[in-house]
Q: 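Handing you a structure now.
If you read the sequence from its start, that first residue is 1, and numbering goes on from there. Just so you know, these numbers use all the heavy atoms, side chains as well, and skip hydrogens, waters and symmetry mates.
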Amino acid sequence: TLMRCDPHIIEHYNKYRKERGGQLQWIAQSAPEQGDPVENAKLAADNGAVAIYFHGGRSDKYVEQGRIDEIGEIVAGMKKAGLLAGVAGHKLETIRASEEAGIDPDFYMYTVNKVGYLSTEPDEIGDFMKNVTKPWIGFKVLGAGRDRPTSGFKHAFEKGADFLCVGMFDWQVRDDIK
């Protein structure tokens, strides 16, 4: 599962594990309001996460500001915390800049949907991502409920996503699972 790495989520996750046990593995989304993303990675590692990725909105902003080297330092620090480390983005330029700078994430998280919901360059995504060797987890694939799973999932995989992170509203779960 994928969860934000903040005290509220961790409290509920630890309560779940204490009451239910199990082997649930989770990928942490760095939580910008928690401060230093490397410290956030340490918190995630201490609470059982297997991976963490640098928040897409922050990654996009760092690239816009020419701070790509800092993304590399963050990814390296996340790895030193003992986790697989990724870079997320809502703009293809974020992934492109990471690749060009030689940043070595273990995976990418990138938005991909047909409806243009927080996803840029929809026609360029597939062409660029087919040459990226890192696994790509597509997210926002249903465009916040603006697309159907049969269409949104197909589109994301056709564009080259290796995995999907699918957010759903409670009223969508039944149809989306079908």
Q: Honestly curious: do Ile125 and Phe107 fall in one hydrophobic cluster under the side-chain, below-4.5 Å linking rule?
A: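 No, separate clusters.
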
Q: Assigning hydrophobic clusters by single linkage (Ile, Leu, Val, Met, Phe, Trp, Tyr; side-chain heavy-atom cutoff under 4.5 Å), is Val141 placed with Tyr108?
A: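 In one cluster: yes.
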
Q: Salt-bridge test for Arg96 and Glu99: reply yes if a basic N is under 4.0 Å from a carboxylate O, no otherwise.
A: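 Looking at Glu99 together with Arg96, the answer is no, because their closest N to O distance does not fall below 4.0 Å.
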
Q: In this structure, are over 12 heavy atoms from other groups packed under 6.0 Å from Arg146 atom CZ?
A: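 Yes, CZ of Arg146 has more than 12 neighbouring heavy atoms, counting only those of other groups under 6.0 Å.
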
Q: Could Lys134 and Asp162 be called an ion pair, given the rule that one side-chain N must be under 4.0 Å from one carboxylate O?
A: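 Judged by the 4.0 Å cut-off on N to carboxylate O distance, Lys134 and Asp162 do not form a salt bridge.
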
Q: Is it the case that more than 12 heavy atoms not belonging to Glu33 sit under 6.0 Å from its CD atom?
A: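 Yes, because the 6.0 Å sphere around CD of Glu33 holds more than 12 heavy atoms from other groups.
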
Q: Does some side-chain heavy atom of Leu164 sit less than 4.5 Å from a side-chain heavy atom of Phe157?
A: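 Side chain of Phe157 against side chain of Leu164, heavy atoms only: contact under 4.5 Å found.
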
Q: Going only through I, L, V, M, F, W and Y residues with side-chain contacts under 4.5 Å, is there a path from Ile9 to Phe54?
A: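 Different hydrophobic clusters.
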
Q: Do Glu39 and Lys42 sit within salt-bridge range, that is, some charged N less than 4.0 Å from a carboxylate O?
A: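 Yes, Glu39 and Lys42 are salt-bridged.
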
Q: Ile71 and Arg67: side-chain contact (heavy atoms from CB on, under 4.5 Å), yes or no, with the steps?
A: CA-CA 7 Å; Ile71 295 175; Arg67 298 167 61 190; over 6 Å; no

Q: On a heavy-atom basis, which atom in Tyr110 and which in His90 lie closest, and how many Å separate them?
A: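 Result for this residue pair: CE1-C, 3.7 Å.
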
Q: Determine the minimum heavy-atom distance between Thr94 and Ser59, stating which atoms define it.
A: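 For Thr94 versus Ser59, the nearest heavy atoms are CG2-CB, 3.7 Å.
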
Q: Honestly curious: do Phe163 and Tyr53 fall in one hydrophobic cluster under the side-chain, below-4.5 Å linking rule?
A: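 Yes, one cluster joins them.
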
Q: Treating Ile, Leu, Val, Met, Phe, Trp and Tyr as nodes and any side-chain heavy-atom pair under 4.5 angstrom as an edge, say whether Ile103 and Leu84 lie in one connected cluster.
A: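 Shared cluster, no.
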
Q: Please report the shortest heavy-atom distance between Ser30 and Met78, naming the atom on each side.
A: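 In terms of heavy atoms, the two residues are closest at CB-CE, 4.2 Å.
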
